[in-house]
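So the structure is just underneath, and the comments pick up after that.
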Amino acid sequence: MNTRRFIVCLAAGFLLFAGLCPSAWAADSIKIGILGPMSFTQGEGHWNGATMAAEEINAAGGVKVGDKMMQIELVKVDTNEFLSIPDATNAVEMAISRNKVDFLVGGFRTEAVMVMQDIAMDAKKIFIGCGAATVEICTRVTENYDRYKYWFRLTPINAGYLGKVDFTLLGTVGAIMKKTLGLETLKVAVVAEKAAWAEGIVAAAEKTLPEKMGMEIVGIWRPSPVAKDCSAELAAIQRAGAHIVFTTFSSSVGLTFAKQMGELKIPAAAVGINVEAQKSGFWEATNGAGDYVLTINTYAPVKITESTLPFYTKYQERFKEAPNYTAGTYDALQILKAAVEEAGTLDSDALVPFLEKTDLVGTAGREVFDAAHDITWGPGYVTGLGTQWQEGKIQCVWPYNWEGITYEGTVPYKLAPWVVEAWKKKD
Amino acid sequence: MGLIFTHIRRFFTILRSEVIVLPGRLALVLFVIALLALPLFTQDLYFLRIVILTSIFAIFAGSWDLLSGFTGQMNFGHALFFGVAAYVTALLNIHLHFPPYLSIPLGAVGAVLAGLVVGIPCLRLKGSYLALTTLAFPIILTGIVFAIPGVTGGELGLSGLSRLSSSRLMDYYITAVCMLGLGLVMWLITDSKTGIILHAIREDEVAARAAGINTTRYKLLAFCMSGFFAGIAGGLYAHFMRLAGPSTLEVGLSFQVIIWSVFGGMVSIYGPMAGVFILNPLMEGLRVILGKYPALPEMRMLLFAALVLLTLRFMPEGFIPWVLDRLETECPRCKIRNVFFRHRCRICDAAMS
């Protein structure tokens, strides 16, 4: 055999080997499918957070799996789940069966997440949820552990905990108003968008406010999630003499309501959930009228842990917006890295016990999973934040001396001057 | 033995003289063979999922055509039947542990009842008034779903249904055979005496009534039949996805079925079904292809809308009839269809020009 023929045979053999063993080449990277509605801000958050984490991990050498260092390869999985559940299932199935992802991270709409969860569990793939707050998704783990043990929820804190933070914020603002303005009984207007997820909060408010918090409900208003005018509701709230407006908004009505409330200078403090107020563009969108709005949040420029501020600043510099809670995919990748390095394998069954033992100080707090594989909430764990718009800046105002916790960078809550003026006059 | 041989010979005679001679029929036969033989070439879970969902939506689109295409009862809320059946199927399966072969037909019966509920108040309405009224029903039902979360699961829907079958391959054959079988049944209905009456109601209801036809009864029958077939699709969907949620009642689904049908070609049953088999995989393909380019995923719906608009502009009868009109021509004398390149009719030998 001459040299030329030998080289040709060697090259052909090499190509044949490469063609027959694609998995041998793919094995150098860990594939993580990032699931989210990528045309929407929630999906962008999923992708951006994961991208940052993957780049940082890869730059530091990758993930040590046994004796081998492996790079993270992200697979963008556009679930389009807001518009089509079948699209979401197709996308997950493709990620698992075609793209051969090792792990799944993300998801947003509960109905879609439950179906995607089933597909992931069928394939025994670890799925870290970073978007849906519904309690029932994690209840499945306790009800049928063997099947659903591969599921973990990292962000947000579940709907029950969100409710607790919601009422804690209301109580905090109520106490400040009582102290500052000398009010005896606080009057609260409950305003929640007409959506199914808000029903539980409204029902809880109807019971909790008068019975446990000593507050008087002056009325319940349920505008459409996409209302473009809330002046009628605001006029009624003003006439009812409300001191606080307890908001529950996840849609665009949050923007309309906050803008008109500020423009009309309604003498009441807006407290609660307003997803629009979590966005960086809220100030510009309300022409500054959204000042003093307080909402539950996950990230703010405060030192929840050592990694919060570097993450927040880097994210804002790179993507020109503040991270929303779906950017918790950043922490999800760190959790996976830690578990894989400890277990020394990518095998899902072997990884589950290590993920269950997760105790990681992430960007949103100390991250520990409970028996239902849900993120633990409370002092010393992930707490969530209360952020308020103050003179064009989003500021963390809660926790502030709550259970002994005040994150560095947290500022005191501020009452709008017209609220102070209105109620001080009446005294 | 001789009888069997005769039947085989007859089968091949029909195949040669009635199927192979017409591109439309040949394409249908090839499609059926390809659909049934596909798992021999690939059992990729993702690929099978796409075809399964496409088959389910094809039944749904055919059922819409039966009501709105053939009978002219423009239904803008067809997701009602799909959603009702999905929920009834889920409730029967989860609470009473009915297996899919019972829960799906009973879910379809639920959709038939929904057809009656919608059909009775809508009987006196026509055109846009009927369309808008039917549009309201799934929205009302969505409100009811959210109002009684203890029964319907509210926003989460009902999950944890048993699987359609024990394997994806079996799911594939169940949905494919159901689609082919129900498609054939719907086509036979439209080709029957009842179908002719439904067609007559669509063309001129007053004339049909003057001819002694109880149009009220037939319109109700159309609502119920359409509800039944859409219900089977809804039940299959619920068992395959293992979930019956509010998305099964979404307005988007009601419009989707209209788009599939208008694209494929209304008043044919096979047109809307073919429309689903073209558009559904196409949309999935676009999702995969455009997803590779960061700025393009938003273009998917734009491309989809452009495609539908172009179809409406240049193929007002729909894509399938447009293609068939180019591949087949009608004999001016005996009205039998012939392949486009024939100069003389295959039956009466008349000149085709």
Side-chain angles (χ1 to χ4, degrees), chain A residues 36-40 43-44 47 51 75-100 109-119 121-123 132-137 139-140 143-144 147-148 159 194-200 203, chain B residues 42-54 56-57 86 142-143 145-147 149 152-161 163 167-168 237-238 240-248 250 252-253 256 280-281 283-288 290-301:
Chain A
M38 296 302 174
S39 306
F40 295 84
E44 284 170 8
W47 183 248
T51 304
V75 177
K76 196 175 196 174
V77 185
D78 185 1
T79 55
N80 194 32
E81 58 204 77
F82 285 134
L83 304 177
S84 166
I85 304 289
D87 272 7
T89 60
N90 293 345
V92 175
E93 190 84 69
M94 185 178 176
I96 294 172
S97 66
R98 286 285 181 87
N99 299 324
K100 309 282 182 201
R109 182 180 169 184
T110 301
E111 193 184 338
V113 169
M114 291 185 97
V115 188
M116 293 194 287
Q117 191 188 34
D118 270 325
I119 296 170
M121 299 306 111
D122 284 344
T134 314
V135 179
E136 285 80 353
I137 303 175
T139 313
R140 288 174 144 190
E143 285 173 354
N144 189 351
R147 175 168 167 75
Y148 291 101
K194 190 75 189 149
W197 75 275
E199 303 295 339
Chain B
T42 176
Q43 291 192 17
D44 182 286
L45 294 177
Y46 165 71
F47 200 74
L48 293 186
R49 172 177 284 276
I50 304 288
V51 185
I52 288 169
L53 284 170
T54 305
I56 292 172
F57 289 133
T142 307
V145 163
F146 287 137
T152 60
E155 200 170 10
L156 305 176
L158 298 167
S159 57
L161 278 83
R163 291 173 200 282
S167 70
R168 182 64 58 84
Y237 178 88
F240 178 64
M241 301 289 268
R242 304 187 70 197
L243 179 113
S247 61
T248 56
E250 273 175 359
L253 187 61
Q256 191 85 52
N280 210 36
M283 285 299 283
E284 182 58 21
L286 282 176
R287 189 184 66 76
V288 175
L290 299 179
K292 290 178 181 166
Y293 305 95
L296 289 183
E298 290 84 355
M299 299 292 286
R300 184 173 167 235
M301 287 314 287

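Computed from heavy atoms alone, side chains included, the values below leave out hydrogens, waters and symmetry copies. First the proteins, then the strands, lettered A, B, ... as listed; each starts at 1.
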(request) To the nearest 0.5 Å, tell me how far B:Phe47 CZ sits from A:Asn90 CG. (result) 12.0 Å
(message) Report which part of A:Ile96 has an atom under 4.5 Å of a heavy atom belonging to chain B: side chain, backbone, both, or neither.
(response) neither
(message) Is B:Val288 close to chain A through its backbone or its side chain, or both, or neither, when contacts mean heavy atoms under 4.5 Å?
(response) side chain
(message) Using 0.5 Å steps for rounding, measure from the CD atom of A:Glu93 to the OH atom of B:Tyr46.
(response) 9.5 Å
(message) With a 4.5 angstrom heavy-atom cut-off, is it the side chain or the backbone of B:Pro149 that approaches chain A, or both, or neither?
(response) neither
(request) Give, as side chain, backbone, both or neither, the part of A:Met94 having an atom under 4.5 angstrom from any heavy atom of chain B. (result) both
(message) Rounded at 0.5 Å granularity, tell me how far OG1 in B:Thr248 sits from CD1 in A:Ile85.
(response) 9.5 Å
(message) Apply side chain to side chain contact (heavy atoms under 4.5 Å, CB included) to residues A:Ser97 and B:Arg49 and explain how you reach the verdict.
(response) CA-CA 11 Å; A:Ser97 66; B:Arg49 172 177 284 276; over 6 Å; no
(message) I'd like to check the side chain to side chain donor-acceptor pair (under 3.5 Å) partners of A:Glu111; sequence neighbours left out, ordered by chain and number.
(response) A:Arg109, B:Ser247
(message) Is A:Ala91 close to chain B through its backbone or its side chain, or both, or neither, when contacts mean heavy atoms under 4.5 Å?
(response) both
(request) Sort B:Leu156 into side chain, backbone, both or neither according to what part of it lies under 4.5 angstrom from a heavy atom of chain A. (result) both
(request) Against chain B, work out which of A:Ile137, A:Ile119, A:Val77 has the most heavy-atom pairs shorter than 4.5 Å and name it. (result) A:Ile119
(request) Would you mind reporting whether A:Arg140 and B:Ser159 have side-chain heavy atoms less than 4.5 Å apart? (result) yes
(request) Go through the structure and list residues passing side chain to side chain donor-acceptor pair (under 3.5 Å) with A:Arg98, not counting sequence neighbours. (result) B:Asp44
(request) Sort A:Asn144 into side chain, backbone, both or neither according to what part of it lies under 4.5 angstrom from a heavy atom of chain B. (result) neither
(request) For the pair B:Arg168 and A:Asp122, find out whether any cationic side-chain nitrogen is under 4.0 Å from an anionic carboxylate oxygen. (result) no
(request) Please flag which part of B:Glu250 lies under 4.5 Å from any non-hydrogen atom of chain A: side chain, backbone, both or neither. (result) side chain
(request) Would you mind telling me which of A:Thr134, A:Val113, A:Thr89 has the largest number of heavy-atom pairs within less than 4.5 Å of chain B? (result) A:Thr89
(message) Need one label for B:Leu53: side chain, backbone, both or neither, based on atoms under 4.5 Å from any heavy atom in chain A.
(response) side chain
